[in-house]
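Below is one structure, written out as structure tokens, with a few remarks after it.
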Amino acid sequence: MLVFVRNLCKNMAEKIFIMRIINRIYYIVFNLTLSLTILQYSCPIVSYLTKVRFDYLGMLILGIILMINVFTIGIKPFFMKMINILKPAKNMVLIILFYFVIDSINLIYAQDISFVIDKYLIWAKIGFICIYMFSYMCLLETNFARDLSNDIILNIGITGSLSSFISLIGYYSGEFTYTKGILTPISNQNVFAISILIGYVSLTYYILLNNNLRKINKIVLLSLISWINISVIYLSGSRRTIILLFVLSALFLFYLLYKAIMMYKNFRSILFSIICLLLVIVLIISHINFFNSFTSSKFADSRLNIADSEIKPANNQKIVGAKEYVDTISEGTGLSTRIIIWKASLNWFSSMTTTQKIFGGGASYQTDIFNDLEHPINSEVVTHYEQRLEPNVKQWMWPHNFIFDELLTGGIFKLLIVITTLVLMLAYVIILFRQDINKGIIVLILYFILFSTLMMSAKFGLFGDRNSWLIVSYHIIALYTTNKEGRVDVDHDTKVVE
């Protein structure tokens, strides 16, 4: 009997040791896969270097490890743990699931299903990442003593700064950039710049709250990442991101001033912070000036689209650079264009039948309405974009606003679901503030960035943007890690009171 018990304990110890090694591998692969996924849609350097999709390979490995864990610890304990993670935000999770059901129903009566295939491909890939993110918490919480939600924020932050650094190298080498006038490795500089901003904010948050870093090290690191990321965001020419950057930078400066007055008793620390801030400003201005002179000299006679095209610009074609985009902010031309599109979208909704107003025109309706270039409602939009239009063009325009997008595709019914979702998101941000003010602040800032983007450029509604999935998933995990209720331990299937 004694030998049996001894062997049983030995086998259990070996099993636990092996599972801990497997879960450590899951930790590494998950973080690499998350970074590669973000890079793939914001700065696809890996696809530029090789045809191997390492992000897909990472998801495959994560799936295998996840299945091993599920069958090892048991299906019921695993799903109990998953439910326990979602439980602190259960109302928000349920309304989001209901949104997905309604959105899928909209697909049934879509006029052009091919247009929305991209959205469901986005959903599939980023959906797997979010599932792996929740599983990440399920499997690894007992392996690490620290808060793993902070590791997710660190990952997003480092990836954003890595994108900035890669883009700088790509532009100045002329090997990995998309347009000669602005700094972006992909065709949509707004997607690129927002990804950088989210990463910059996340890394700043992590550094500020890292108690293992000395104050002077924090200042140096913040100065370094600010110089790199702010320069890249400005030079990307993304107007909405630049405006967001100005707003967030002003708030951040007020925060630093408050911390300096309240906590920095040492005059040297305050002086060092001011010197670093001035140095960052000087470096950013110098970099912008260097970028403009470099662009004018190196790319004066080169092709317009360096990475993906052999088309050369006409001799009299003007290089539209970051400065020209920024100038349109003060001129208001960027917003006036959006107003033209929103006005046409609202007029199209007004012209819909009663049934369509309630249930929408289907999953592709937000772009189908603009296909008729001769229609009076589209006249102002067509006039504004006529130089870019080709004969018989389809799916060339959409409302550029997630509210109008949802209203046109799913009608008032779907819009009410979206509004309910937004209200619950805000409610759970307030709950998170009460539990952990630091996590509440970062989630609120990330939502602010997200919805500022969705209001100006959304193409596929509330969850058509990959960042929506990542931010909502982090919000749910943050609620879980700060929740004080009992939790289910997947290793023992018992109640743990914290």
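Here the structure is a predicted model, which is why all the values come from computation and not from measurement. We number each residue from 1, following the sequence as shown.
- A donor-acceptor pair is defined here as one N or O able to donate and one able to accept, closer than 3.5 Å; such a pair exists between the side chain of T353 and the backbone of Q356.
- Y26 places a side-chain heavy atom less than 4.5 Å from the side chain of L62.
- The minimum heavy-atom distance between P399 and I341, with the atom names listed, is O-CG2, 3.6 Å.
- Of all heavy-atom pairs spanning F451 and L462, the tightest one is CE2-CD1, 3.6 Å.
- Annotation for S345 and F370: closest pair OG-CZ, 3.8 Å, computed over non-hydrogen atoms.
- For residues 97-107, the pairs satisfying side-chain hydrogen bond (donor to acceptor under 3.5 Å, both in side chains) are Y99-E406, D103-K119, D103-Y120, D103-K414, N106-Y109, N106-K414, with sequence neighbours left out.
- The two residues I449 and V201 come nearest to each other via the heavy atoms CD1-CG2, 3.9 Å.
- One N or O on the side chain of N229 and one on the backbone of I225 form a donor-acceptor pair closer than 3.5 Å.
- Taking each heavy atom of Y365 and T409 in turn, the nearest pair found is N-CG2, 4.3 Å.
- At a cut-off of 3.5 Å, with distance as the only test, a side-chain donor of R240 or S457 sits close to an acceptor on the other residue.
- Donor-acceptor pairing under 3.5 Å is recorded for the side chains of S149 and K439.
- Relative orientation of the W342 and F404 rings is tilted, given thresholds of 30° and 60° on the angle between their planes.
- Of the possible donor and acceptor atoms, one in the side chain of W123 sits under 3.5 Å from a partner among the backbone N and O of F463.
- In this model, a donor atom of one side chain and an acceptor atom of the other lie less than 3.5 Å apart for N467 and Y41.
- Between the side chain of T50 and the backbone N or O of V46, no donor-acceptor pair lies under 3.5 Å.
- Checked by atom type and distance alone, the side chain of S351 pairs as donor or acceptor with a backbone atom of W348 at under 3.5 Å.
- Between Y132 and F30, the gap from one ring centroid to the other reaches at least 6.0 Å.
- Scanning for salt bridge (Lys or Arg N to Asp or Glu O under 4.0 Å) contacts around K459 gives an empty result, with sequence neighbours left out.
- Side-chain contact annotation: N31 with S35, donor-acceptor N/O pair under 3.5 Å absent.
- A donor atom on one side chain and an acceptor atom on the other are not found under 3.5 Å apart for T453 and N190.
- Nearest heavy atom pair, residue L203 against residue S161, reads CD2-OG, 3.5 Å.
- No side-chain N or O of Y480 forms a donor-acceptor pair with one of N84 less than 3.5 Å apart.
- Considering CE of M137 and CD1 of I476, their distance stands at 12.0 Å, rounded to 0.5 Å.
- Side-chain contact, Q435 with T482: a donor N or O sits under 3.5 Å from an acceptor N or O.
- A donor-acceptor contact closer than 3.5 angstrom is absent between the side chains of T37 and D55.
- Judged by distance alone, the side chain of T367 and the main-chain N or O of S364 form no donor-acceptor pair under 3.5 Å.
- Ring planes of H475 and Y428: perpendicular class, angle over 60° (limits at 30 and 60°).
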